[in-house]
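When a residue number appears, it is its place in the shown sequence, counting from 1. In this text the structure is predicted, and so the values were computed from the model without any measurement.
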Amino acid sequence: IGAGVWRWEYPAGQGGQTIPAWQDQTIYYLVAETFDRAGNSSGQLQYTITYDTTTPVSVIQIPNKVYHKGGELETIAGTSQDLYTIKSDLERTEVAIYNVTMMQWWNWQSQTFNLASASYTTTNLGSVTNWSHDWNLPNWNNYDGTTFIVFSRAKDRAQNYQLPVTSWTFRYDITKSTVVVTLPSPAVTYYSSLPTISGTAFDGTSGIQETKVAIRRTAVNRYWTGNSWDATPGIVHWLLVNGTTSWTYPFGGAIIPDWTNNLEYEIIPWTIDGALNESTGTAKKFTYDTTRPTTTITLPVHLRYYRSIPTISGTALDSPAGLNCVRIRIKDNVTNLYWSGADFEYGEEQPASWLVPTGLTDWTYTGYESLLANGNSYTIVSKSWDNSVPEQEEVKYFVEKLNWPILSEPASGISGNYFLQVSPSVVEKKLSEIECVIRIGAFPTLAQSLQIVSNISCPIIHISNNPEEGDP
């Protein structure tokens, strides 16, 4: 190389010189000695080497789940090891990140996924055996729903790189699942029966892991424990349901609460997804209502006789749910047919025989009078429904109607007997129980009694001088 300096190597190409068959995990000692031409020795120089062809290994500890949520990947971490006792030992560990969704590798310098081949960087925290890395990591929140693979590879001082490299595949998920209560329905405020609570849940990334509900009695802020109401206000009890994406309560040993009339309740759903994102869905409030609506027919009057009745009327009431609708039916008791809106032509099974009156809390119905048959009796039924689910319905009133019988004039003068001309259907009634009204027109003297052709007496309850008066 320079004056008096020579470079040497072994084998030197001379016969019989060979290199040893180096053995892995073996320590070798190299001894060299030089002589000049005068026979002077440099003395022996010993150099120790470790022959190492075994690749080191690494383990990724973070990430460590199939799904990761926000805040869990501030660092990548793991361990590395150069195996066996005789070894060259570790030099460093390197990491790389692959975006499976984009099919691009992470560029540590430009901090974006834009590389077609792997780019490794040396971990910057910890030791070579217990390493971590936080330099220029991706902003994971920009990649919600994305699948990644993190790679690690260790390198020893013999310049052996780990092969194959270690990898961990995961999906990043910061979107909380959605969970809703479908029973009680979001559109219904009042329930008269609720033996089951049900709902649905959805998570498009990591899936639903578990679903629960809490049931609160709002007025006293007490929660259902699964078997009773907690005596201490504000203590939340999350109750496990049957199912995850489609779920029902009660489940297991739990029971449905003892709902109380006219009290408000709140159903609160809860889920946790595969990334452990917890989500409280929209709470559903409802009022339990077992009070049935009331309906009354005010005209005609029950069991009265009528000569003219152009309007049927009544009232209806409900609290707290309020009235939903009122329906009536008019039945001809002789033909057993129901009013259709045009004639008495419907059978009992015909749903259209339930007629829609005008009004709700105060209702009326007209248009039937011209087809009432003289001497026939009729039954009117009113029915009302409230706004609870299932609807609570009907208080029935049966009203019989008989066309006004004709009162005969006396044979002479203003004294004598007044006779009621009746049809056979009238005579069949218990006439002693019929409330009778005598309309005497212009006669100046009032009749004192009424002699029925069947010799059954009926007391006079009302006497009118006005033949057009509409009282029964």
* **side chain to side chain donor-acceptor pair (under 3.5 Å) evaluation trace for Thr218 with Glu266** => CA-CA 7 Å; Thr218 61; Glu266 183 178 42; over 6 Å; no
* Ignoring hydrogens and geometry, is there a side-chain-to-backbone donor-acceptor pair from Gln25 to Tyr84 under 3.5 Å? -> no
* To do: Check whether any side-chain heavy atom of Asp173 sits under 4.5 Å from a side-chain heavy atom of Asp144, and report yes or no.
  => yes
* Counting only N and O atoms by type, is there a donor-acceptor contact under 3.5 Å from the side chain of Glu94 to the main-chain atoms of Thr121? -> no
* Asked: What distance do Ile149 atom CD1 and Thr169 atom OG1 have between them, rounded to the nearest 0.5 Å?
  -> 4.0 Å
* Ignoring hydrogens and angles, tell me if any N or O in the side chain of Thr298 forms a donor-acceptor pair with the backbone of Ser313 under 3.5 Å. => yes
* To do: Go through Tyr306 and Tyr378 one step at a time and tell me if the ring-ring contact (aromatic ring centres under 6.0 Å, His included) criterion holds.
  => CA-CA 11 Å; Tyr306 287 84; Tyr378 297 85; over 10 Å; no
* Asked: Does any non-hydrogen side-chain atom of Thr260 lie less than 4.5 Å from one of Arg217?
  -> yes
* To do: Let me know which of Tyr98, Phe113, Trp106 forms a ring pair (Phe, Tyr, Trp, His ring centres under 6.0 Å) with Phe148.
  => Phe113
* To do: For Trp131 and Thr93, indicate whether the former's side chain and the latter's backbone hold a donor-acceptor pair under 3.5 Å.
  => no
* To do: Without swapping roles, check the side chain of Ser279 against the backbone of Ser177 for a donor-acceptor pair under 3.5 Å.
  => yes
* Asked: When rounded to the nearest 0.5 angstrom, what is the spacing between CD1 in Ile312 and CH2 in Trp339?
  -> 10.0 Å
* Asked: Glu264 side chain to Thr287 main-chain N or O, any donor-acceptor pair under 3.5 Å?
  -> no
* Passing option when Tyr172 is tested against Thr146, Thr101, Asn141 for side-chain hydrogen bond (donor to acceptor under 3.5 Å, both in side chains) -> Asn141
* Does some side-chain heavy atom of Asp82 sit less than 4.5 Å from a side-chain heavy atom of Asp52? -> yes
* Asked: Of the non-hydrogen atoms in Thr166 and Ser58, which two are nearest, and what is the gap between them?
  -> OG1-O, 2.7 Å
* Asked: Do Phe344 and Leu372 touch side chain to side chain, with heavy atoms closer than 4.5 Å?
  -> yes
* Asked: Between Gln61 and Pro63, is there a donor-acceptor pair closer than 3.5 Å when you use the side chain of the first and the backbone of the second?
  -> no
* Is Lys176 atom NZ crowded by more than 12 heavy atoms from other residues, nucleotides or ligands, each under 6.0 Å away? -> no
* Asked: With a 4.5 Å heavy-atom cut-off, do Ser384 and Asp318 have their side chains touching?
  -> no
* To do: With the side chain counted from C-beta on, respond yes when Ile76 and Ile97 share a heavy-atom pair under 4.5 Å apart, and no when they do not.
  => yes
* On the 0 to 90° scale, with breaks at 30° and 60°, tag the Phe151-Trp105 ring pair as parallel, tilted or perpendicular. => tilted
* Structure fact -> Tightest non-hydrogen contact, residues Val150 and Ile60, listed as O-CD1, 3.2 Å
* Structure fact -> Residues pairing under ring-ring contact (aromatic ring centres under 6.0 Å, His included) where one sits in residues 198-224, two or more places apart or in two chains, turn out to be Trp224-Trp229
* Side-chain (Tyr368) to main-chain (Ala342) donor-acceptor, under 3.5 angstrom -> no
* **Separation between CZ of Arg92 and CG of Asp156, rounded to the nearest 0.5 Å** => 10.5 Å
* Asked: Minimum heavy-atom separation for Pro250 to Pro195, with atom names?
  -> CD-O, 4.0 Å
* Structure fact -> Separation between OG (Ser206) and NZ (Lys65), nearest 0.5 Å, reads 9.5 Å
* Output the distance between atom CG (Asn227) and atom CG (Asp258), rounded to the nearest 0.5 Å. => 11.0 Å
* Between His133 and Trp108, is the gap from one ring center to the other below 6.0 Å? -> yes
* **Close side-chain approach of Leu125 to Trp135, heavy-atom, < 4.5 Å** => no
* Heavy-atom distance under 4.5 Å between the side chains of Tyr120 and Val165, does that happen here? -> yes
* So which of Tyr288, Trp259, Tyr190 actually passes ring pair (Phe, Tyr, Trp, His ring centres under 6.0 Å) with Tyr265? -> Trp259
* Asked: What distance separates Asn114 CG from Ser119 OG, expressed to the nearest 0.5 Å?
  -> 9.5 Å
* Leu323 backbone acceptor or donor facing Asn387 side chain under 3.5 Å -> yes
* Spell out, as yes or no, whether a donor-acceptor pair under 3.5 Å connects the side chain of Thr211 to the backbone of Thr271. => no
* Heavy-atom closest contact (Ser185 atom, Tyr191 atom, distance) -> N-OH, 2.8 Å
* Asked: Any idea which heavy atoms bring Thr291 and Asn261 closest together, and the distance?
  -> OG1-ND2, 3.1 Å
* Structure fact -> In terms of heavy-atom contacts, Glu348 and Tyr338 come closest through CA-CE1, 3.4 Å
